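Chain letters run A, B, ... following the sequence lines, proteins first and then strands; every chain starts at 1. In this text, all values refer to a predicted model and were calculated from it rather than measured experimentally.
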There are 2 protein chains.
Amino acid sequence: MAPGRRERLTRARVVDAAMTLADDGGLDGLSMRRLAEHLGVVPMALYRHVADKHELLDAMIDRVFAELTDPVDPDWARALRARAQSMRGALTRHPWAIGRMETGTPGPANLAHHNAVMGCLRAGARLPFWDAVHASSLLDSYVYGFALQDRTLAGDIPAEAARRREVVVADGPAALDAYPYLVEVADQLGRHGYDFAQEFEIGLDLVLDAIRGLRPVGETAVEGAGGPASREPGPAGG
Amino acid sequence: MAPGRRERLTRARVVDAAMTLADDGGLDGLSMRRLAEHLGVVPMALYRHVADKHELLDAMIDRVFAELTDPVDPDWARALRARAQSMRGALTRHPWAIGRMETGTPGPANLAHHNAVMGCLRAGARLPFWDAVHASSLLDSYVYGFALQDRTLAGDIPAEAARRREVVVADGPAALDAYPYLVEVADQLGRHGYDFAQEFEIGLDLVLDAIRGLRPVGETAVEGAGGPASREPGPAGG
DNA sequence: CCGAGTTGTGTACGGCGTACACCTGTCGCG
DNA sequence: CGCGACAGGTGTACGCCGTACACAACTCGG
C-alpha cells in the first residue's frame, strides 16, 4: 500500500460520514461507534476531530444551513420564496436536522442565512425593524413547522390515511362518528393523494402575502432603507 | 405498613412521572432507570405497564394533546385562536414534546384535536374541503414552528443576543460587517427585550387573517356546511 | 384456604459515549 | 541521514442505557 494506505481522518470527513449515516437511519442510527466503523477507524479516533457527539451534531446542523442557496433575485419576495424552498429541500434531505436547527451554538452558515433573510426584509421589502422581526419569525416558523409535519407523514399518504382510519376504528365502534372530519380527511387523502411540495407552496404564498401586508401601502422608497436603522420601540418589555 | 405499603404502580402513574422527569431535564434526562427510581421501583417493573420506552413516549405525547382546551366559542376564528394558544402553552410547558407531536401512532386526544380543528374550518368557517386542509396545514405549521424556535431561545433574550454577538465577533474581526442585520437584531433585542407570547400573537393574527382570506367573500351560508362533504378534486395526484 | 394470575424483582447482555494511557507514523531540523 | 517532538490513531475500561428472561410475592375469586 502506497503512502497513507488509508485516507487520513479529517473533521470534514467525520461530519460528512455522520450526515450520511443520519440521512439513512436517523439520529438514532448515528452512534460514534458506528460512525467510526463506517470510517474504518476505532471509535476514539473521532475525538481527535470533534470534541464530543454534541459538537458533531452542531457541525452537522451548520452543514445543513450551508446547503441553502443564496439567491440574488432583486425581488425580495421571490428571494424569500427561494430561500424558504431551499430550506424545505434541505430539511427534507436531512429530516434529522429539524428538531435542532435552532439549538446549540449557531454556526457561520446559520448566521449568514438569518442575516440574509433580515436583509431581504429590511433592505428589500423596506420593512421597519420590528415588522421585519415579525415577518422573519412568521416565515421561519412556517418553514420549520411544515418540515416537522412533512417529516413524519412523508411516506405513502394513502396508506397512512388508511392506517389512521384503522386507528380510529380500533378506538371503538362509535369512533367513526366521533371524528367525522378526520374520516373525511382520511377518505379524501386516500382518494386523491397529497402533494407536500404543493401544499408547502400554498402556505408559503399565504405567508408571503401576509408579509406583503405589513408594508405600508404606497410606500415608495428612500429613508434608511439601505441599511439597518431602528425606527420604533420594541414590541414589549421582555 | 397497612395493606399495600406502597401505592400500586399504574400506567397513569408511570406516564405522569415520566412527564415530570421530562419537564425538568428534557428527554435526555428521562431514562427508564431514573423513572423507576423516581417511582421507588425496579426498572423492569415499568415494563408491566408500558411495552417499551417508545410506547411510553407516545403516551406522553397524547397527554400533551389532552391538555389542550376545547373552546366552545361560536366564532370559528376565536376558537382557532384559543386552540393555537393552548397548544403553544402546552408546548411551552412540555418542550420535549415538540419534535414528536406528529410522530408515532396518534392517540385519541391527538385525533380529537385535529378533528376539532377541521370542524372549525369546515363547519365554522365554511371552507371547502381543500381550503380547510390548507388552512389546517398552515396553522399547525405556524404553531409547531413557533414553539420549536421558542423552545431554544426561551431563556434570557438580552443575554442571548449578547452571546450571539460574541459568536459573530469570534468569527473574525470583519464579521460585524459581514452580518449587519444580525448585529441590528442583537442590539435591538438586547435593548428592548423580546416577548415571545406577543410575537406569537402577531404571527397568529397574520395566519388567521390569511385563513379568512380563503373564504369566498360575501359567502353567506347553507350547502353542505353542517358536515363533511367533498366538493373538489385534490391538490395534486400525490 | 388454595390455586391462578397479576405485579414487582434480580440478573444479565449488548450497545452507548467517552476518559485515559499508550503506541505510531510524519515531519522539521541538526 | 537521524532523531526528537507531536499530532493522530488505538486499546482498555467505566458507568450509563434499554430490555429479555426466569423467578418471587402479592391479590383475589372460588
Side-chain angles (χ1 to χ4, degrees), chain A residues 1-63 96-97 99-100 103-105, chain B residues 1-63 96-97 99-100 103-105:
Chain A
M1 329 267 175
R5 67 184 220 284
R6 192 175 57 208
E7 194 69 29
R8 203 90 167 274
L9 216 47
T10 327
R11 186 180 167 93
R13 289 219 311 136
V14 171
V15 178
D16 276 351
M19 293 191 67
T20 304
L21 248 63
D23 285 346
D24 49 54
L27 277 196
D28 291 347
L30 172 66
S31 76
M32 297 301 272
R33 294 170 122 98
R34 259 212 278 274
L35 177 54
E37 191 181 22
H38 186 78
L39 287 162
V41 113
V42 91
M44 286 311 292
L46 304 172
Y47 288 86
R48 299 281 175 195
H49 305 275
V50 297
D52 53 18
K53 192 174 185 179
H54 221 86
E55 205 212 64
L56 172 61
L57 289 177
D58 280 0
M60 292 165 69
I61 291 299
D62 211 54
R63 278 291 183 76
W96 47 265
R100 310 185 166 252
T103 317
T105 306
Chain B
M1 336 263 174
R5 67 184 219 284
R6 193 176 57 209
E7 195 68 29
R8 241 357 222 296
L9 217 49
T10 323
R11 186 181 168 92
R13 289 218 312 137
V14 170
V15 178
D16 276 350
M19 292 191 70
T20 303
L21 248 65
D23 284 347
D24 48 55
L27 276 196
D28 291 347
L30 171 67
S31 76
M32 298 301 272
R33 295 170 122 100
R34 260 211 277 272
L35 178 54
E37 190 181 21
H38 186 78
L39 288 163
V41 112
V42 92
M44 286 311 291
L46 303 172
Y47 289 86
R48 298 283 175 196
H49 304 274
V50 297
D52 54 19
K53 192 174 185 179
H54 220 87
E55 204 212 64
L56 172 60
L57 289 176
D58 280 359
M60 293 166 67
I61 291 299
D62 211 53
R63 279 290 183 76
W96 47 265
R100 306 184 169 255
T103 318
T105 306

Spacing of [X] atom [atom1] relative to [N] atom [atom2], expressed in whole Å:
X: B:Met32; N: C:dG10; atom1: CE; atom2: P; answer: 17 Å
X: B:Met44; N: C:dT11; atom1: CE; atom2: P; answer: 14 Å
X: B:Leu35; N: D:dC17; atom1: CG; atom2: C1'; answer: 14 Å
X: B:Asp28; N: C:dG17; atom1: CG; atom2: P; answer: 12 Å
X: A:Arg8; N: D:dT10; atom1: CZ; atom2: P; answer: 12 Å
X: A:Arg48; N: C:dC22; atom1: CZ; atom2: P; answer: 14 Å
X: B:Glu7; N: C:dT7; atom1: CD; atom2: P; answer: 14 Å
X: A:Arg33; N: C:dG14; atom1: CZ; atom2: P; answer: 13 Å

Next item on the list: Ignoring backbone atoms, establish whether A:His49 has a side-chain N or O less than 4.0 Å from OP1 or OP2 of D:dG9.
Entry: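 For D:dG9, OP1/OP2 do have a side-chain N/O of A:His49 under 4.0 Å.
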
Next item on the list: Would you confirm whether B:Arg34, through its side chain, and B:Gly29, through its main-chain N or O, come within 3.5 Å as a donor-acceptor pair?
Entry: yes

Notebook entry, point to check: When you measure from the side chain of B:Thr10 to the backbone N and O of B:Arg13, does any donor-acceptor pair fall under 3.5 Å?
Noted result: no

Notebook entry, point to check: Pick the nucleotide of DNA chain C nearest each of B:Pro43 and A:Leu30; which residue has the one closer to the 5' end?
Noted result: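 Per heavy-atom nearest nucleotide, the more 5' residue is B:Pro43.
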
Next item on the list: For B:Ala45 and for A:Tyr47, locate the closest nucleotide of DNA chain C by heavy-atom distance; then report the residue assigned to the nucleotide nearer the 5' terminus.
Entry: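 This one resolves to B:Ala45.
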
Notebook entry, point to check: Hey, is CD on B:Glu55 packed in by over 12 heavy atoms from elsewhere, all under 6.0 Å?
Noted result: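 More than 12 heavy atoms, drawn from other residues, nucleotides or ligands, come within 6.0 Å of this atom.
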
Next item on the list: Taking only the side-chain heavy atoms of A:Lys53 (C-beta and beyond), determine which of C:dT18, D:dG18, C:dG8 contains the nearest atom.
Entry: C:dT18

Next item on the list: Quick one: do B:Leu56 and B:Tyr47 satisfy side chain to side chain contact (heavy atoms under 4.5 Å, CB included)? Show the steps, please.
Entry: CA-CA 10 Å; B:Leu56 172 60; B:Tyr47 289 86; over 6 Å; no

